[in-house]
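Structure, as structure tokens:
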There are 2 protein chains.
Amino acid sequence: MARNPQTVRSERTRVALRRAATDLFAAQGVEATSAEQIAEAAGVTLRTFYRHFPSKHDLLFADYDTGLQWFRKALVARPVDEPVVESVRAAIFAFPYDVQALNQVAAFRATELDPDRIVGHLRQVEADLADAIVEHLERRTEASHRLDVVVTARVLAAAVFGAMEVWMQREERSMADLAELSHATLTALERGLDDRGMFRHY
Amino acid sequence: MARNPQTVRSERTRVALRRAATDLFAAQGVEATSAEQIAEAAGVTLRTFYRHFPSKHDLLFADYDTGLQWFRKALVARPVDEPVVESVRAAIFAFPYDVQALNQVAAFRATELDPDRIVGHLRQVEADLADAIVEHLERRTEASHRLDVVVTARVLAAAVFGAMEVWMQREERSMADLAELSHATLTALERGLDDRGMFRHY
DNA sequence: CCATGTTTTGTCAATGGTGACAGAACCGCT
DNA sequence: AGCGGTTCTGTCACCATTGACAAAACATGG
């Protein structure tokens with residue numbers, strides 16, 4: 001009896017779909033390509049397409065999302081007695097930052113793609129990031145109040161993505177700049193979050 | 001030639017649609033009610049429904065969104081030399097908080113409604129709040145760096161909504177509790193944001 | 001009242017996305 | 001090869017949302 005959910009055939013169609021999508025996107029643009037076209041080009045049904053990818057646009061953000069996995073792993077690897085901001089900083093910089101992908105996102109944002117769509121996705125990633133931080137905080141021995149944990153996590157995520165937003169709106173986007181912006185922002189937060197027991201008095 | 005875009009007839013159908021939607025939602029639930037049913041019950045076409053409301057779920061969050069308008073107004077009314085956190089606090093508390101509506105949102109979140117849908121909307125409101133704060137910050141004379149403005153705004157919004165999330169997850173939700181949570185959170189941020197020139201060193 | 005321009009609706013047709021159910025392909029085993 | 005249980009696909013049906021274009025309702029100057 002088979003029990004591995006990731007069969008060979010499944011993987012084949014997944015690859016075929018991704019390939020077809022990439023080609024079509026490049027050829028005629030993202031919005032101009034319908035999900036049905038992708039499915040057809042890959043030799044499967046529309047329904048099957050949606051069985052492999054939650055949405056058409058997910059094909060664009062795949063890199064982005066896997067980055068989140070890395071972040072989670074990097075975060076658990078951090079010592080529990082380390083200041084949160086430091087952990088987040090370290091985890092953030094453990095990202096296999098793909099300038100290519102990020103620049104693509106930034107470019108899409110200004111041009112073809114429905115901005116709402118991409119902004120919505122960024123917000124989703126931010127929320128996931130916050131969730132990851134919440135999990136990390138709750139792993140610590142000294143169980144804090146729920147308010148502390150949630151607000152701290154959200155504030156950190158907001159700071160990181162705020163820096164990223166600023167970066168994305170720039171003309172020139174270098175990896176060094178992004179690192180600098182993130183670093184500066186986190187350093188600023190660090191002062192408030194750590195050494196004075198912020199968020200611990202409620 | 002008529003030029004007022006808000007005709008009598010238009011308003012009539014809008015009201016009819018809202019009434020029909022409210023009734024149907026109450027009778028058979030939100031998700032179980034299709035947009036077409038609402039339109040039909042109001043005596044118009046589906047397309048017309050979407051001409052008056054951007055989406056089916058918008059009918060649920062109307063109160064929420066108008067609250068945002070109030071926030072914007074309350075924010076501009078604040079003196080420009082006041083610390084940001086104080087302005088935000090004051091504006092937040094100027095909300096015509098409708099416990100009814102908020103409780104409904106909180107209730108929906110746990111039950112019938114597609115959580116993604118409602119969470120997504122909350123994120124949208126949070127983003128709007130951040131934008132409002134950005135505008136307010138930019139109105140000040142001392143033009144700060146873009147990073148400062150964006151990050152500060154996002155962090156404040158994140159803090160407020162973090163408090164709200166905690167509140168929403170509680171069993172009992174009183175107005176006093178929400179106020180207390182928001183107040184505590186903002187006070188915590190206040191220390192970091194103001195008296196030490198946070199976010200001003202980049 | 002009528003001609004005319006405007007606003008609002010209706011109609012038609014797509015696309016994105018999803019649940020339910022049945023059939024096809026596949027896996028490990030004999 | 002043949003079998004029995006899984007997994008993957010195809011088919012069908014449905015809902016949410018939107019653009020394009022035409023018909024209907026309405027307001028107003030003449």
Side-chain angles (χ1 to χ4, degrees), chain A residues 1-18 20-21 24-25 27-62 108 112-121 124, chain B residues 1-18 20-21 24-25 27-62 108 112-121 124:
Chain A
M1 50 201 127
R3 60 199 80 85
N4 189 344
Q6 219 61 24
T7 347
V8 181
R9 183 164 64 141
S10 168
E11 186 58 25
R12 251 204 315 259
T13 68
R14 194 189 308 278
V15 170
L17 280 170
R18 207 188 292 275
L24 286 171
F25 285 169
Q28 38 180 274
V30 179
E31 295 305 322
T33 304
S34 75
E36 195 163 13
Q37 281 179 51
I38 303 175
E40 201 168 341
V44 293
T45 319
L46 176 67
R47 196 62 186 83
T48 294
F49 171 84
Y50 282 111
R51 282 203 186 89
H52 288 275
F53 301 95
S55 90
K56 193 178 79 172
H57 296 83
D58 257 66
L59 284 161
L60 291 173
F61 303 123
F108 274 148
E112 192 217 348
L113 264 191
D114 174 12
D116 284 357
R117 192 77 72 155
I118 193 165
V119 167
H121 193 268
Q124 174 68 53
Chain B
M1 48 196 130
R3 59 198 80 85
N4 189 343
Q6 219 62 27
T7 350
V8 182
R9 186 166 60 142
S10 168
E11 185 59 26
R12 252 204 313 260
T13 68
R14 194 190 309 276
V15 171
L17 280 170
R18 207 189 293 273
L24 285 171
F25 285 169
Q28 38 180 277
V30 179
E31 295 305 321
T33 303
S34 75
E36 194 164 13
Q37 280 179 52
I38 302 175
E40 201 168 340
V44 293
T45 319
L46 176 65
R47 196 62 185 84
T48 295
F49 170 85
Y50 282 107
R51 283 205 187 87
H52 288 277
F53 300 96
S55 91
K56 193 180 79 172
H57 296 85
D58 256 65
L59 285 160
L60 290 173
F61 303 122
F108 275 148
E112 191 216 349
L113 262 193
D114 174 11
D116 283 357
R117 191 79 72 156
I118 193 164
V119 167
H121 193 268
Q124 174 68 53

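Both backbone and side-chain heavy atoms feed into the values below; hydrogens, waters and symmetry mates do not.
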Can you measure [X] atom [atom1] to [N] atom [atom2] for me and round it to whole angstrom units?
X: A:K56; N: D:dT17; atom1: NZ; atom2: C1'; value: 14 Å
X: B:L46; N: C:dT9; atom1: CG; atom2: C1'; value: 12 Å
X: B:R14; N: C:dT8; atom1: CZ; atom2: P; value: 9 Å
X: B:E36; N: C:dC12; atom1: CD; atom2: P; value: 13 Å
X: B:L17; N: C:dT9; atom1: CG; atom2: P; value: 9 Å
X: A:L24; N: C:dG16; atom1: CG; atom2: P; value: 12 Å
X: A:F49; N: D:dT11; atom1: CZ; atom2: P; value: 18 Å
X: B:Q37; N: D:dA16; atom1: CD; atom2: C1'; value: 13 Å

Evaluation steps, side chain to side chain contact (heavy atoms under 4.5 Å, CB included), between B:Q37 and B:E40: CA-CA 5 Å; B:Q37 280 179 52; B:E40 201 168 340; 5.6 Å; no
Select from B:P54 and A:T45 the residue whose nearest nucleotide in DNA chain D is closer to the 5' end of that strand. A:T45
If only side-chain N and O atoms of [X] are considered, is one of them under 4.0 Å from the OP1 or OP2 phosphate oxygen of [N]?
X: A:Y50; N: C:dT18; result: no
X: A:T48; N: D:dG10; result: yes
X: B:H52; N: C:dT9; result: yes
X: A:S10; N: D:dC8; result: yes

Could you state the interatomic distance from [atom1] ([X]) to [atom2] ([Y]), rounded to the nearest 0.5 Å?
X: A:I38; Y: A:R18; atom1: CD1; atom2: CZ; answer: 11.5 Å
X: A:F53; Y: A:L59; atom1: CZ; atom2: CG; answer: 5.0 Å
X: B:H52; Y: B:T13; atom1: NE2; atom2: OG1; answer: 3.0 Å

Could you work out which one of D:dG10, C:dT8, C:dT9 sits closest to the side chain of B:T7? C:dT8
With the side chain defined as heavy atoms from C-beta on, B:S34 is closest, among C:dT9, D:dA16, D:dC8, to D:dA16
Given A:R14 and A:R51, is the side chain to side chain contact (heavy atoms under 4.5 Å, CB included) satisfied, shown in steps? CA-CA 10 Å; A:R14 194 189 308 278; A:R51 282 203 186 89; over 6 Å; no
Comparing nearest nucleotides in DNA chain C, the 5'-proximal residue of the pair B:R47, A:R51 is B:R47
